[in-house]
Amino acid sequence: MKVCLVASSGGHLSQLFQVREAFQDYEKFWVTFPSRDAQSLLANEEVVWAYYPTNRSLLNLARNAWLAWKLLRREKPDVIISTGAGVGVPFIWIGYLLKIPTVFIESITFSDKRSLSGKLVYPIVDHYYVQWPDLAEKFSKALYKGQVL
Amino acid sequence: MIFVTVGTERFPFDRLVRAVDALSDILKGEPVFIQTGTGTYVPSFPHAPYIPFDEVCDKIREARIVISHAGAGTLLMCANLGKVPIMMARKHSLGEHIDDHQQMFANRMVERGRILLIDKPEDLQENVLNYEELCRSLPKGPNLAEASLAQHLKEALKEITK
C-alpha cells in the first residue's frame, strides 16, 4: 500500500508525524514545505516540497493543485492523509476527483470550530476526524477517535 | 536555562520577546535563549531568528522553563519531552497570526493541565517567579481526551485500503 501524507510545516506536520505509527509500515511520500522542522523530521523520508505560503494565497493554491494533479496521477497512492492546513485542500480535492480515498484530520488547535481548510474539504473528504468530542457533535460527518497527544 | 520560542510561523511575535526582555533583572544569573522568528525587536538576551530543529529539541530538553507562543508544534515537542511551557497566544488583531485559533487551543490545554497560560505580557513575571509551584498545582484535566488517534488510524487504514 502507498500512502500520500500532506501537511503544512509547523504544528500540522508535527501532528501528522506524531501519528506515524499508523502508516510507518507502508510505502509513503510526504508533501510539505521546505522548512527547518520538515527537513529535520523527514530527513530519511521521501518528500515533495509544495508551494508556500498557502495562507489565503490563490496563486499557491493553484500551483499546489497543479502539483497534486501531476503527483497523484504519477504516484497513484492508495490513500491521502492530511492534517491541513491550506496545502491539504488541493490534494484532498484532486484525490476526490481521482477516486483516491481521503482522510483529513483537523488540527488539535481547532476545538470549538472547524479550520478553513477543514471546511473546504468537508463536503467531499471520505474520513473527517476532529480531536475534540464536542466538536464532533456539531458536524454529522466528524469523527472523534482521540487526539494525537 | 530559560528557552523562549515563537515557532516557525511567518508572522512576528515581538510582544512575547519584549515581555521576556522586560524580566532581564529577575533573570540575572540564569542563561536565557530567545528564538525570535520574523520579529524585529532585538532583545538583550542571546537570540537568533531560527535555530536547527535538533537544537530546538535540545534546548527544550535542557530548559528549566520553556516560554512560547501557543502553537501545537511547540506543545507537542514540550509534551513529548515532559515539559510544561508557559504560553501566550498569538492574536489575529495584532497581526500575530492568521486567526485566533491559538487562543482557542491554549484555553483547552490549560483545562488539561498541559500549559501555564498568560493572557498578557505583564502576567509573565508571576509565572516565571512561581513556576515550580504553579506546575505542582496544575489541574488534572478531564479524561475525555486520549492519545488514541494513531492506533485508531492504524486500524482504519487497513479497512480503507482493503
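These numbers were taken from a predicted model, which means no experiment stands behind them. We name chains A, B, ... by the order of the sequence lines, and we start the count at 1 in each one.
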Visitor: Tell me, out of B/Glu9, B/His152, B/Met77, who's got the most heavy-atom pairs with chain A below 4.5 Å.
Guide: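 Of the options given, most contacts go to B/His152.
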Visitor: Any salt bridge linking B/Arg18 with B/Asp21? Criterion: basic side-chain nitrogen under 4.0 Å from a carboxylate oxygen.
Guide: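 So B/Arg18 does not pair with B/Asp21 through a salt bridge.
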Visitor: Quick one: are A/Thr102 and A/Phe91 in side-chain contact, heavy atoms under 4.5 Å?
Guide: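 A side-chain contact is absent here, since even the closest heavy-atom pair is not under 4.5 Å.
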Visitor: Count the heavy-atom pairs under 4.5 Å between each of B/Arg114, B/Glu155, B/Lys158 and chain A, then report the option with the highest count.
Guide: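 If we count pairs closer than 4.5 Å to chain A, B/Arg114 comes out on top.
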Visitor: Hey, are A/Gln147 and B/Arg112 close enough side-chain-wise for a donor-acceptor pair under 3.5 Å?
Guide: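 Short answer, yes.
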Visitor: With under 30° as parallel and over 60° as perpendicular, where do the rings of A/Phe17 and A/Trp30 fit, or are they tilted in between?
Guide: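 Tilted: the ring planes of A/Phe17 and A/Trp30 meet at 30° to 60°.
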Visitor: Name the option with the most non-hydrogen atom pairs under 4.5 Å to chain B; the candidates are A/Gly10, A/Ser115, A/Pro101, A/Ser40.
Guide: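 Looking at each of A/Gly10, A/Ser115, A/Pro101, A/Ser40 in turn, A/Ser40 comes out on top.
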Visitor: Determine, for A/Tyr129 and A/Lys145, whether the Lys NZ or Arg CZ falls below 6.0 Å from the six-membered ring centre while staying within 45 degrees of the axis.
Guide: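 A/Lys145 over A/Tyr129 ring: no.
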Visitor: Mind ranking B/His101, B/Met104, B/Gln102, B/Met109 by heavy-atom pairs under 4.5 Å with chain A and telling me who comes out on top?
Guide: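 Between B/His101, B/Met104, B/Gln102, B/Met109, the count favours B/Met104.
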Visitor: Applying a strict under-4.5 Å side-chain criterion to I, L, V, M, F, W and Y, I'd like to know whether B/Ile160 and A/Val19 cluster together.
Guide: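 Looking at the clustering, A/Val19 is in the same group as B/Ile160.
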Visitor: If you tally heavy-atom pairs under 4.5 Å against chain B, which of A/Ser9, A/Gly11, A/Ala22 wins?
Guide: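 The residue among A/Ser9, A/Gly11, A/Ala22 with the greatest pair count is A/Ala22.
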Visitor: Please look at A/Leu13 and chain B and tell me whether the side chain, the backbone, both or neither of the residue comes under 4.5 angstrom of a heavy atom of that chain.
Guide: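 Neither part.
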Visitor: If only side-chain N and O atoms count, and only distance matters, is there a donor-acceptor pair under 3.5 Å linking B/Asn107 with B/Gln103?
Guide: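 A pair is found: one side chain offers a donor N or O, the other an acceptor, under 3.5 Å apart.
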Visitor: Under a 4.5 Å heavy-atom cut-off, does chain A meet the side chain of B/Ala70, its backbone, both or neither?
Guide: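 The answer is neither part of B/Ala70.
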Visitor: Within 45° of the six-membered ring axis of B/Phe11 and under 6.0 Å from that ring's centre, is NZ or CZ of B/Arg90 located there?
Guide: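 No; the conditions do not both hold, so B/Arg90 does not lie above the ring face of B/Phe11.
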Visitor: Given a strict heavy-atom distance threshold of 4.5 Å, which part of A/Leu143 is in contact with chain B: side chain, backbone, both, or neither?
Guide: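 Nothing of A/Leu143, per the 4.5 Å heavy-atom cut-off to chain B.
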Visitor: For A/Ser111, is it the side chain, the backbone, both or neither that has a heavy atom under 4.5 Å from a heavy atom of chain B?
Guide: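 Answer is both: backbone and side chain atoms of A/Ser111 are under 4.5 Å from chain B.
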Visitor: I'd like to verify something: which residue of A/Arg36, A/Met1, A/Glu21 has the highest number of heavy-atom pairs under 4.5 Å with chain B?
Guide: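 Answer, by heavy-atom pair count under 4.5 Å with chain B: A/Arg36.
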Visitor: Taking every heavy-atom pair that is under 4.5 Å apart, which of A/Arg20, A/Gln15, A/His12 has the most such pairs with chain B?
Guide: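 Ranked by contacts with chain B, first place is A/Gln15.
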Visitor: May I ask you to name which of B/Ile98, B/Thr8, B/Val56 has the most heavy-atom pairs under 4.5 Å with chain A?
Guide: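 Going by pairs under 4.5 Å, I would pick B/Ile98.
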